[in-house]
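Here the structure is laid out as structure tokens; the discussion comes afterwards.
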Amino acid sequence: MSDLKAKFETALADSKNLSERPDNATLLKIYGLYKQASVGDNTDKKPGFSDMVGRAKWEAWSNLKGTSSNDAMQQYIDLIESLS
């Protein structure tokens with residue numbers, strides 16, 4: 001396992017033990033970075049207008065289109081470290 005992947009796994013575990021719950025905008029950023037790092041570009045269909053949470057998550061992930069998996073992992077690690 002690469003060093004970056006190991007740090008990403010550690011950040012994933014750390015994200016579940018933050019002292020305070022992040023605000024919604026930060027939570028969406030965490031979600032988007034996680035999905036971009038683990039899946040890649042969003043190819044899912046955009047949720048309907050009535051699914052506001054699903055739509056917000058979809059947009060947070062789609063805004064990272066073109067970001068490499070490694071870049072998304074590093075941004076995720078940096079964000080979680082800044083919140084810890």
Side-chain angles (χ1 to χ4, degrees):
M1 183 184 306
S2 73
D3 189 42
L4 181 63
K5 184 78 171 159
K7 286 182 180 179
F8 181 67
E9 295 294 332
T10 300
L12 282 173
D14 291 347
S15 71
K16 294 170 178 55
N17 299 315
L18 296 173
S19 58
E20 290 183 17
R21 184 180 192 275
D23 60 47
N24 287 342
T26 304
L27 287 172
L28 286 171
K29 187 168 185 164
I30 290 169
Y31 173 83
L33 288 169
Y34 169 76
K35 292 294 276 186
Q36 189 69 21
S38 58
V39 178
D41 288 343
N42 185 355
T43 58
D44 293 348
K45 186 177 177 213
K46 189 172 188 175
F49 183 71
S50 62
D51 182 4
M52 290 191 292
V53 172
R55 206 170 167 92
K57 286 179 166 184
W58 186 91
E59 288 173 0
W61 182 12
S62 288
N63 288 339
L64 295 166
K65 185 174 186 173
T67 304
S68 75
S69 178
N70 286 347
D71 285 347
M73 279 187 203
Q74 188 60 58
Q75 290 178 44
Y76 184 94
I77 293 163
D78 294 343
L79 179 57
I80 297 303
E81 285 178 354
S82 75
L83 296 172
S84 298

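For reference, positions follow the sequence shown, starting with 1.
- Applying the side-chain contact (heavy atoms from CB on, under 4.5 Å) test to Leu64 and every residue at least two apart in sequence or in another chain returns Leu33, Gln36, Thr67.
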### Criterion side chain to side chain contact (heavy atoms under 4.5 Å, CB included) on Leu27 and Arg21, from CA distance to verdict
CA-CA 9 Å; Leu27 287 172; Arg21 184 180 192 275; 3.3 Å; yes
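- In this structure, NZ in Lys57 is found 12.5 Å from CG in Asn42, a value given to the nearest 0.5 Å.
- Judged as a side-chain contact (heavy atoms from CB on, under 4.5 Å), and not counting sequence neighbours, Asn63 has no contacts.
- Looking at heavy atoms from C-beta onward, Lys7 lies out of side-chain contact with Met73 at the 4.5 angstrom threshold.
- Applying the side-chain contact (heavy atoms from CB on, under 4.5 Å) test to Asn17 and every residue at least two apart in sequence or in another chain returns nothing.
- Gln74 and Asp78 share a donor-acceptor pair across their side chains, judged by distance under 3.5 Å alone.
- The ring pair (Phe, Tyr, Trp, His ring centres under 6.0 Å) pairs that include a residue from residues 22-65 number zero, where partners must be two or more places apart or lie in different chains.
- Residue pairs meeting the ring pair (Phe, Tyr, Trp, His ring centres under 6.0 Å) criterion with at least one member in residues 62-84, sequence neighbours excluded, are Phe8-Tyr76.
- Among all heavy-atom pairs drawn from Ser82 and Leu79, the shortest one is OG-O, 2.7 Å.
- For the atom pair CD1 (Ile30) and CD (Gln75), the distance works out to 12.5 Å, reported to the nearest 0.5 Å.
- Remark: Ser84 pairs with Leu18, Ile80 by the side-chain contact (heavy atoms from CB on, under 4.5 Å) rule, at least two apart or across chains.
- Nearest heavy-atom pair across Ala37 and Ser69 is O-OG, 2.7 Å.
- For the atom pair OG1 of Thr26 and CD of Glu20, the computed distance is 11.0 Å after rounding to the nearest 0.5 Å.
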